[in-house]
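The chains referred to below are lettered A, B, ... by the order of the sequence lines, with proteins before strands, and numbering in each begins at 1.
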Amino acid sequence: MPKKTPKIDELNVLEAAADMADLARQIAHHDAAYHQKDAPEISDAAYDALRNRYRALLVAFPHLAPVNDPEQRVGVAPAAGFTKVAHVVPMLSLANAFSDDDVAEFATRIRRFLNLPENETLEFVAEPKIDGLSCSLRYEQGALVVAATRGDGTTGENITANIMTMKDVPKKLTAPFPDSVEIRGEIYMNRDDFIKLNKQREASGEQIFANPRNAAAGSVRQLDSTITASRPLKFFGYALGERVTGDAEQQALRKTIAHWGFKLNEPSRLCKTVDDILDYYHDIESKRHALPFDIDGVVYKLNRFDWQERLGFVSRSPRWAIAHKFAAEQAETKLNNIHIQVGRTGALTPVAELEPVTVGGVVVSRATLHNEDEIARKDIRVGDIVRIQRAGDVIPQVIGVDEKRRAKNSTPFVMPTHCPECGSLAIREEGMAVRRCTGGLICPAQAVEHLRHFTSRTAFNIEGFGEQRVHELWQDKIIQSPADIFRLKNHRATLETREGWGEKSVEKLLAAIEARRTISLDRFIYALGIRQVGEATAKLLARHYHSLDAWRDAMVAAQDTESAARHDLESIDQIGALMARDIVGFFAEPHNIQVLDDLASELTIESHQKPDTHNSPLAGKTIVFTGTLETMSRAEAKAKAENLGAKVAGSVSAKTDYVVVGADAGSKADKARALGVNVLDEHKWAALLATL
DNA sequence: CAGCCTCGAGTTCT
DNA sequence: CTCGAGGCTG
């Protein structure tokens with residue numbers, strides 16, 4: 001709670017952002033106390049004061065509205081679905097180790113990175129890795145205010161109402177506790193409870209859950225929290241969202257978390273050597289089935305926090321922790337056939353058709369074989385008995401073949417040289433792993449997959465346009481090119497008479513199509529399905545060219561390899577010569593330009609919004625990033641800064657306004673300090689962005 | 001030029 | 001989730 005309230009016009013941007021985020025959190029907390037628990041903690045007048053100050057700040061700094069903007073929230077409990085929660089610090093995943101060697105290497109890497117002498121002991125806290133779902137719990141003044149799922153790591157779902165029903169989750173922490181703390185942990189279900197639950201469901205004719213993990217996940221995502229309350233969910237805490245305690249070690253933090261009122265994941269052990277670690281691993285592995293819950297491995301975390309901080313993160317996972325996985329459950333089955341699938345780009349993908357077999361609680365009947373090299377490497381033949389597992393316990397994978405049980409007359413698999421769908425030649429380019437059909441849109445598979453990509457969730461997101469319908473309409477020549485989708489309303493009468501299509505479903509489909517007649521430029525570019533242009537690249541192009549016309553003109557001009565337009569395209573960060581070739585190549589085909597113009601005549605394509613830099617704190621400023629950023633990639637940081645109207649430069653000079661310093665920053669940070677340039681650490685930078 | 005990181009494109013099953 | 005490929009960094 002703010003001790004004193006500074007005048008709004010005296011606040012700088014960072015202070016205002018922090019103030020607003022804080023107020024939003026407090027308001028959310030009191031909303032919950034009032035509406036959900038019928039136990040208001042402050043007077044109405046005090047509550048109104050919070051809201052008034054928040055509104056005043058919002059007027060002064062509209063661009064700083066936090067994600068959980070109370071002014072945007074209608075009521076407390078969402079009517080349908082869950083609201084989103086942005087994680088202040090992303091919830092990352094762990095790197096995996098599959099062998100003893102991987103673990104030894106993990107320890108060596110840490111030693112090398114920290115430059116430790118041989119005789120220095122590395123302590124690790126080892127814990128079982130329970131197969132559940134991770135969850136973040138935010139406590140303000142010791143009271144639980146928000147619970148969120150991991151989601152994609154950056155944004156999760158608000159499941160507070162459901163979590164409030166769980167016995168293992170304290171609603172109040174046992175003092176002493178920090179003003180604000182985020183505890184992260186795992187929600188799971190014991191095996192016995194899972195079996196009992198399934199028996200009940202079976203008796204009442206409900207669908208049974210495949211495994212405890214699914215049962216826990218399904219229970220947490222209930223819209224009616226009385227259902228969640230009836231499920232035997234458990235929770236243990238294992239980490240904090242950010243460091244707020246004085247604990248210097250993981251082991252001590254475990255004690256603190258337990259003191260606050262949480263259960264811990266046990267059995268754990270403090271290990272001092274790699275041999276200790278492996279000993280623990282093998283011990284747990286042998287006890288695995290005696291534990292009350294399912295685990296898929298164990299986790300090792302470096303004990304000392306100061307070393308954790310120095311190590312930081314690579315990509316999306318910490319360098320100071322690793323998950324040592326148990327061997328995935330495997331099964332043997334017969335490979336009945338190898339089917340060739342043709343994708344949207346013409347890629348021929350061999351897929352194994354398997355005699356159905358249960359692996360890890362799921363019946364598997366197909367598995368990708370990736371490409372012909374992969375098949376040759378493993379010498380996989382039709383009729384073989386193959387061993388399969390589910391990679392990361394999800395995607396089925398053929399590990400190998402039992403050659404002793406192979407039929408004498410079996411022959412190696414030969415990849416077809418022609419497309420199985422259209423008969424066109426299928427070519428493997430020099431140095432490439434995939435073979436592609438050259439039929440283009442003549443190939444029915446490519447044509448249909450192309451349209452499917454166009455309507456997919458991440459492109460035009462037209463609901464009710466699945467593979468079946470797209471294929472049907474394409475085959476009957478009602479839809480041949482993407483623009484035909486938007487002329488489908490002219491076929492209403494014909495559609496309604498089709499088998500399997502009622503008046504209602506046609507109505508729904510047409511409405512879904514109309515809802516997408518207006519689309520953002522980046523989605524539009526992505527939907528075109530240009531080779532190598534995915535969501536990220538489409539965004540880059542939209543941001544660079546702003547409007548469809550500007551982009552179209554530039555690409556037409558870029559047909560000449562030496563043109564300025566071509567150089568302009570290649571000057572975009574992340575776009576090199578090869579990608580430029582594919583993008584410009586798309587426009588070399590008159591048919592593609594026709595399709596594009598035809599679409600443009602049916603649609604409203606929103607130009608890329610030049611960021612409203614009018615109010616932005618970073619407008620016209622020059623920013624330099626240095627060191628390893630942990631919460632976002634460099635490209636992401638750059639994009640965000642540019643969206644706020646900033647210029648991102650590569651080196652520090654007197655003209656630089658801000659330097660954002662990540663881990664292991666070198667000379668740039670020193671130079672910035674020497675020049676007296678504003679230096680922001682990553683935390684401040686992220687806190688600012690989190691509120692925008 | 002190697003080693004990285006990120007992106008795209010493919011995939012399974014509920 | 002995994003693989004391969006393209007682009008950037010040092």
Side-chain angles (χ1 to χ4, degrees), chain A residues 93 95-96 98 207-211 213-215 217-218 221 313-317 319 325 328 339-354 356-375 377 388-399 428-436 445-446 449-450 452-453 456 458-459 467 526 529-541 569-583 625-630 632-639 650-651 664 666-668:
Chain A
S93 51
N96 292 321
F98 296 100
Q207 188 86 48
I208 61 165
F209 290 112
N211 50 54
R213 207 205 95 83
N214 285 1
R221 299 195 74 260
F313 296 79
V314 213
S315 189
R316 314 301 293 166
S317 19
R319 277 200 196 85
K325 296 291 199 81
H339 169 85
I340 303 291
Q341 272 186 12
V342 183
R344 136 177 103 82
T345 64
L348 267 51
T349 308
V351 177
E353 289 177 6
L354 305 164
V357 62
T358 304
V359 201
V362 173
V363 179
V364 169
S365 54
R366 297 149 63 84
T368 177
L369 296 171
H370 298 295
N371 56 58
E372 50 200 290
D373 286 351
E374 179 84 3
I375 296 177
R377 206 158 35 230
I388 63 170
Q389 70 178 19
R390 298 206 299 147
D393 282 330
V394 181
I395 311 277
Q397 188 175 60
V398 174
I399 313 160
R428 202 176 153 183
E429 272 179 68
E430 180 88 18
M432 297 288 176
V434 282
R435 186 175 288 275
R436 287 178 200 277
Q446 284 191 60
E449 288 302 308
H450 198 74
R452 237 156 61 82
H453 167 77
S456 69
T458 42
E467 167 148 37
Y526 171 66
I530 302 171
R531 189 82 71 76
Q532 307 222 65
V533 178
E535 284 178 276
T537 310
K539 281 207 174 76
L540 287 178
L541 292 171
L569 177 62
E570 287 185 37
S571 77
I572 302 173
D573 199 7
Q574 309 294 319
I575 293 181
L578 295 173
M579 286 176 70
R581 193 191 60 191
D582 280 334
I583 298 166
F625 292 97
T626 181
T628 313
L629 300 181
E630 293 174 355
M632 64 183 72
S633 71
R634 194 62 88 79
E636 212 179 325
K638 188 178 162 181
S651 58
D664 303 316
S667 59
K668 285 185 208 170

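Rounded to whole Å, the distance from CD on Q341(A) to P on dA9(B) is 16 Å. Distance, I575(A) CD1 to dC7(B) P: 12 Å, rounded to whole Å. A straight line from CD of Q574(A) to C1' of dG8(B) spans 13 Å, rounded to a whole angstrom. Computed from coordinates, the D582(A) CG to dG7(C) C1' distance equals 14 Å when rounded to whole Å. Distance D373(A) CG to dA5(C) C1': 14 Å, rounded to the nearest Å. Summarising the geometry, the separation between CG on L540(A) and P on dG6(C) is reported as 17 Å, rounded to the nearest angstrom. To the nearest angstrom, P of dA9(B) lies 14 Å from CZ of R452(A). In this structure, the CD1 atom of I388(A) is 11 Å from the C1' atom of dT12(B), given to the nearest Å.
Nearest heavy atoms, A367(A) versus Q397(A): CB-N, 4.4 Å.
For V363(A) and V533(A), each mapped to the nucleotide of DNA chain B holding its nearest heavy atom, the one lying further toward the 5' end belongs to V533(A).
Within the 4.5 Å cutoff, the side chain of V364(A) has heavy atoms near those of the I388(A) side chain.
Checking dA9(B), dC8(C), dG4(C) against the side-chain heavy atoms of N371(A) singles out dG4(C) as nearest. Comparing dG4(C), dG6(C), dG10(B) by their nearest atom to the side chain of Q532(A) picks out dG6(C). Proximity note for L578(A) (side chain, C-beta onward) versus dG7(C), dG10(B), dC3(C): the nearest is dG7(C). Which of dG10(B), dT12(B), dC3(C) sits closest to the side chain of T349(A) comes down to dG10(B). Among the nucleotides dG4(C), dA9(B), dT2(C), the one closest to any side-chain atom of Q397(A) is dT2(C). The side chain of R366(A) lies closest to dC13(B) when the candidates are dA5(C), dC3(C), dC13(B). Proximity note for R377(A) (side chain, C-beta onward) versus dC8(C), dA9(B), dG4(C): the nearest is dG4(C). Comparing dT12(B), dA5(C), dC3(C) against the side chain of M432(A) picks out dA5(C) as the nearest.
Under 4.0 angstrom from either OP1 or OP2 of dG8(B) there lies at least one side-chain N or O belonging to T537(A). Side-chain N/O atoms of R344(A) include one lying less than 4.0 angstrom from OP1 or OP2 on dA9(B). Between T368(A) and dT12(B) there is no side-chain polar atom (N or O) within less than 4.0 angstrom of OP1 or OP2. Of the side-chain N and O atoms in S365(A), none sit less than 4.0 angstrom from OP1 or OP2 of dT12(B).
Using a 4.0 Å heavy-atom cutoff across all strands shown, V434(A) reaches no nucleic acid atom at all. E374(A) comes within contact range of no nucleotide atom at all, as no heavy-atom separation falls under 4.0 Å.
Between E372(A) and R428(A), at least one side-chain N (NZ, or NE/NH1/NH2) sits under 4.0 Å from a carboxylate O, which counts as a salt bridge.
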Exercise for review: List the steps and the verdict of side-chain contact (heavy atoms from CB on, under 4.5 Å) for E467(A) and R452(A).
Suggested key: CA-CA 7 Å; E467(A) 167 148 37; R452(A) 237 156 61 82; 3.6 Å; yes

Point to revise | Step-by-step side-chain contact (heavy atoms from CB on, under 4.5 Å) determination, L541(A) to L569(A) | key: CA-CA 8 Å; L541(A) 292 171; L569(A) 177 62; 3.7 Å; yes

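At a cut-off of 3.5 Å, with distance as the only test, no side-chain donor of R531(A) or T345(A) sits close to an acceptor on the other residue.
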